[in-house]
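We name chains A, B, ... by the order of the sequence lines, and we start the count at 1 in each one.
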Amino acid sequence: MPLWLMKSEPETWSWDQQVSKGTEAWTGVRNHQAAGFLKAMQVGDRCFFYHSNTGKAVVGIVTVVRGAYPDPTDPAGRFVCVDVAADRPLPFPVPLARIKEQPELSAMMLLKQARLSVMPVTGPEWDVVCRMGGCQALRERAPG
DNA sequence: GCCAACGTTGGC
DNA sequence: GCCAACGTTGGC
């Protein structure tokens, strides 16, 4: 069961906006490694929603509601996007600083590849972050 | 505001 | 095909 993390600058697209809108196309990824992860996503997969730059915290969970399709914002038509829907907030957002303090999270791709905007999260990492965020650790795929 | 990491571009 | 220059991301 794949689990993911997606980054967004809150000035560009925030968790609050995601909650207000419900479902949103996750466009603008222009990195081939990140695009590969988008292509691997399946409907129902869960993703952490991470605020980069001014936020620097995992703030919520979204679910994939449409698998990879051509990104309408890419004029060349080479990159893909997915649609995600807000699932639930983390009652206590988990800051990057706290992730760095956790020995169990020391191998997270978030820490290893700072510039990657879409990445997989392991099951144990998922559970630890959920626990830190005061959220039930739902790993299983969301119902359709 | 600075800088490290790193992907891309372009000259050779 | 190499590599320097440059642009972008994102933490600090």
Side-chain angles (χ1 to χ4, degrees), chain A residues 1-139 142:
Chain A
M1 163 83 256
L3 298 156
W4 312 96
L5 182 146
M6 305 170 103
K7 291 182 183 177
S8 183
E9 297 183 36
E11 290 83 0
T12 305
W13 183 251
S14 70
W15 171 252
D16 286 346
Q17 287 173 290
Q18 180 75 50
V19 169
S20 299
K21 185 145 182 218
T23 296
E24 175 74 355
W26 202 273
T27 57
V29 171
R30 296 292 181 271
N31 171 282
H32 291 290
Q33 192 182 4
F37 293 135
L38 288 179
K39 287 177 187 169
M41 289 182 182
Q42 297 183 45
V43 171
D45 282 3
R46 297 179 191 277
C47 315
F48 284 134
F49 191 113
Y50 176 85
H51 277 166
S52 60
N53 286 320
T54 56
K56 281 180 291 184
V58 179
V59 293
I61 295 173
V62 295
T63 57
V64 177
V65 295
R66 182 180 174 188
Y69 61 98
D71 182 342
T73 71
D74 176 20
R78 284 189 295 247
F79 288 95
V80 296
C81 63
V82 299
D83 289 356
V84 297
D87 178 11
R88 69 196 66 198
L90 294 193
F92 308 100
V94 180
L96 180 64
R98 291 204 57 218
I99 290 173
K100 287 187 168 180
E101 289 167 5
Q102 280 289 327
E104 294 163 283
L105 301 178
S106 62
M108 272 190 92
M109 226 181 265
L110 181 67
L111 305 181
K112 300 292 177 186
Q113 283 178 259
R115 291 181 54 192
L116 192 60
S117 63
V118 180
M119 66 193 79
V121 174
T122 69
E125 290 165 353
W126 181 269
D127 291 349
V128 170
V129 174
C130 285
R131 195 192 320 132
M132 293 167 80
C135 192
Q136 190 185 353
L138 292 169
R139 283 194 200 177

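Not counting sequence neighbours, the partners of A:Arg30 by the salt bridge (Lys or Arg N to Asp or Glu O under 4.0 Å) test are A:Asp71. Applying the salt bridge (Lys or Arg N to Asp or Glu O under 4.0 Å) test to A:Lys39 and every residue at least two apart in sequence or in another chain returns nothing. With sequence neighbours excluded, the residues that form a side-chain contact (heavy atoms from CB on, under 4.5 Å) with A:Ala34 are A:Val29, A:Asn31, A:Leu116, A:Ser117, A:Val118.
Every pair passing side chain to side chain donor-acceptor pair (under 3.5 Å) that includes a residue from residues 96-116 of chain A is listed here, sequence neighbours excluded: A:Gln33-A:Gln113. Legend: salt bridge (Lys or Arg N to Asp or Glu O under 4.0 Å) pairs involving residues 56-70 of chain A, not counting sequence neighbours: none detected.
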- Using a cut-off of 4.0 Å between protein heavy atoms and nucleotide atoms, how would you tag nucleotides 4-9 of chain B 5' to 3' with B, S and -? -BBSS-
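Put simply, A:Lys56 has no side-chain N or O that comes within less than 4.0 Å of OP1 or OP2 on C:dG10.
Heavy-atom contacts from other residues, nucleotides or ligands closer than 6.0 Å to CZ of A:Phe92 number 12 or fewer.
With rounding to whole Å, A:Ile99 atom CD1 is found 10 Å from C:dG11 atom P. If you measure from atom CG of A:Leu110 to atom P of C:dG10, you get 10 Å, rounded to the nearest angstrom. Spacing between atom CD of A:Glu11 and atom P of C:dG11 amounts to 12 Å, rounded to whole angstrom units.
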